[in-house]
Amino acid sequence: MITTDVKLKMSDLRSGIKPIWCPGCGDFGVLSSVFRTVIDLKLDPSHVAIVSGIGCSGRFPAFVNAYGFHGVHGRALPLATGVKLANPDLTVFVVGGDGDAFSIGAGHLPHAARRNVNLTYVVMDNSIYGLTKGQPSATSPMDVAVDSMVNKKGRRKGMAGLLNMAQANAPVNPIAMALSYGASFVARGFSGRPKELNALLKEAVLHKGFSFVQVISPCTTFYDTYDFWREFSEPLPEDHDPSDKVLAYERALDLERGYIGLFYQEERPSFEDQVSKLVAEPTDAFAPTAVGDLLSKFRR
Ligand SMILES: Cc1ncc(C[n+]2csc(CCOP(=O)(O)OP(=O)(O)O)c2C)c(N)n1
Ligand code: SF4
């Protein structure tokens, strides 16, 4: 993490490209919180990289005055792993939607988590596919009925009609998933509670390892859950112990409560530290020169 003595303002971090998100979209709040995090931690923007997949949320890197990579749908984590491995001094944020993270990209989450790649993964969870106009996603509740799914007579139409089971699918539990996959920092925030979100993102960046932050980020156009989450969200109990994984599971599985806060945190070596060690201390079973040479091609 490289910091700067220059006192940054929000305007220093805006790229000049105006976000084209719909009015009130939760992603605005997440963008502000990332700016706040960079300012509060005095991160040098020339040592920050933001990597995304595809979606409304995937447009994020374009709005930030830092390095950015708008990748393909669901592939942000492997891209970001490469960025971090080649340039470990960069602070790397990975951003995207619940479709990007838990559907098409779901196969990457376990591996980034178990490897403990030192990334801050911010999943902007609106429980819907925003960019493609409101299909249900892996985090949509079972009873969701959004405009894109039903015609005026209340019958399912389009893709949702074809995939008639869409409303009959139980949602995944992102916090329990991240815990099972071995993420070393697991948290949930809500874009409607910016103070708590700012605090969480700062902790996530400071954590040396894979930080998974599910941010409830409502889609005001296709599935506006602001009122629900304002009512439903509550901080984890004051006595919550983030080193207790069983307790973290218990609270993740308690669907009667919309807990926000840090569920779990553990310290263990990061992926890039492990790889650097292997490169520096060759073993018979490992060809460090080839890896070192490869990584050096992608250095800034
Ligand atoms: C390989 C591939 N498959 C499908 C798509 C179409 N597509 C674009 S965005 C998207 C889902 C968007 O939902 P989400 O990831 O939750 O992001 P949001 O738009 O809600 O922020 C889909 C299915 C694509 N661009 N590329
Ligand atoms: S469609 Fe939804 S997720 Fe996409 S910009 Fe609009 S409000 Fe945000």
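None of these values were measured; they are calculated from a predicted model. These numbers come from the heavy atoms of this one structure, side chains and all, not from hydrogens, waters or symmetry mates. Read the numbers this way: they start at 1 and go in the same order the structure lists the ligands and their atoms.
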Logged contact type for V72 with ligand 1, heavy-atom cut-off 4.0 Å, is neither
Nearest non-hydrogen protein atom to atom 7 (N) of ligand 1, with distance, is T132 CG2, 3.5 Å
| request: Let me see the working for D27 and S57 under side-chain hydrogen bond (donor to acceptor under 3.5 Å, both in side chains), right down to the final yes or no. | output: CA-CA 7 Å; D27 296 358; S57 43; 4.7 Å; no
If we number the atoms of ligand 1 from 1 as shown, the ones under 4.0 Å from a heavy atom of G130 are 13 (O), 18 (P), 19 (O), 20 (O)
For ligand 1 and G99, I'd like to know whether there is a polar contact (N/O to N/O, distance under 3.5 Å). yes
Taken in chain and number order and not counting sequence neighbours, the residues that satisfy side chain to side chain contact (heavy atoms under 4.5 Å, CB included) with E196 are R193, I260
Residue pairs meeting salt bridge (Lys or Arg N to Asp or Glu O under 4.0 Å), one or both in residues 207-218, sequence neighbours left out, come to K208-D273
Please determine if G58 has a nitrogen or oxygen closer than 3.5 Å to a nitrogen or oxygen of ligand 1.
no
* Asked: Above 12 or not: heavy atoms from other molecules or residues under 6.0 Å from CG of D5?
  -> no
Using 30° and 60° as the class boundaries, would you call the ring planes of W21 and F63 parallel, tilted or perpendicular? perpendicular
Checking I128, V172, N173 against T139 for side chain to side chain contact (heavy atoms under 4.5 Å, CB included), the one that qualifies is V172
for atom 15 (O) of ligand 1, nearest protein heavy atom and its distance come out as D100 N, 2.8 Å
Per-atom filter on ligand 1: closer than 4.0 angstrom to a heavy atom of I128 are 16 (O), 20 (O)
- prompt: Counting N and O atoms only, with roles assigned by atom type, does the side chain of H70 sit under 3.5 Å from a partner on the main chain of V51, one being a donor and the other an acceptor?
  reply: no
Protein N/O/S atoms closer than 2.8 Å to atom 4 (Fe) of ligand 2 number 1
Ligand 2 atoms nearer than 4.0 angstrom to some heavy atom of T220 are 7 (S)
A student checking ligand 1 against G55 at a 4.0 Å heavy-atom cut-off should list atoms 9 (S), 17 (O), 19 (O)
The ring pair (Phe, Tyr, Trp, His ring centres under 6.0 Å) partners of F263 (sequence neighbours excluded) come to none
When distances are taken from atom 19 (O) of ligand 1, the protein heavy atom at minimum range is C56 N, 2.7 Å
- Message: If we count only N and O atoms by modelled type, under 3.5 Å, do the side chains of S137 and S127 hold a donor and an acceptor together?
- Response: no
* **I175 vs Y259, side-chain contact (heavy atoms from CB on, under 4.5 Å): CA-CA, chis, key distance, verdict** => CA-CA 10 Å; I175 299 291; Y259 285 129; over 6 Å; no
Atom 26 (N) of ligand 1 has as its nearest protein heavy atom H73 CB, 3.5 Å
What one should report as the nearest heavy-atom pair of S32 and M10 is O-CE, 3.8 Å
- prompt: If you measure every N/O of S57 against every N/O of ligand 1, is any gap under 3.5 Å?
  reply: yes
Taking the six-membered ring for Trp, are Y226 and F190 parallel (under 30°), tilted (30 to 60°) or perpendicular (over 60°)?
tilted
A student checking ligand 1 against N126 at a 4.0 Å heavy-atom cut-off should list atoms 20 (O)
*asked:* Hydrogens and angles aside, do S217 and N126 bring a side-chain donor and acceptor to less than 3.5 Å of each other?
replied: no
I'd like to know if D227 pairs up with R230 as an ion pair, taking the criterion as any Lys NZ or Arg NE/NH1/NH2 lying under 4.0 Å from an Asp or Glu carboxylate oxygen. yes
In this structure, atom 25 (N) of ligand 1 is nearest to the protein heavy atom I54 CG2, 3.8 Å
- [ ] Please determine if L131 has a nitrogen or oxygen closer than 3.5 Å to a nitrogen or oxygen of ligand 1.
- [x] yes
When distances are taken from atom 1 (C) of ligand 1, the protein heavy atom at minimum range is I104 CD1, 3.6 Å
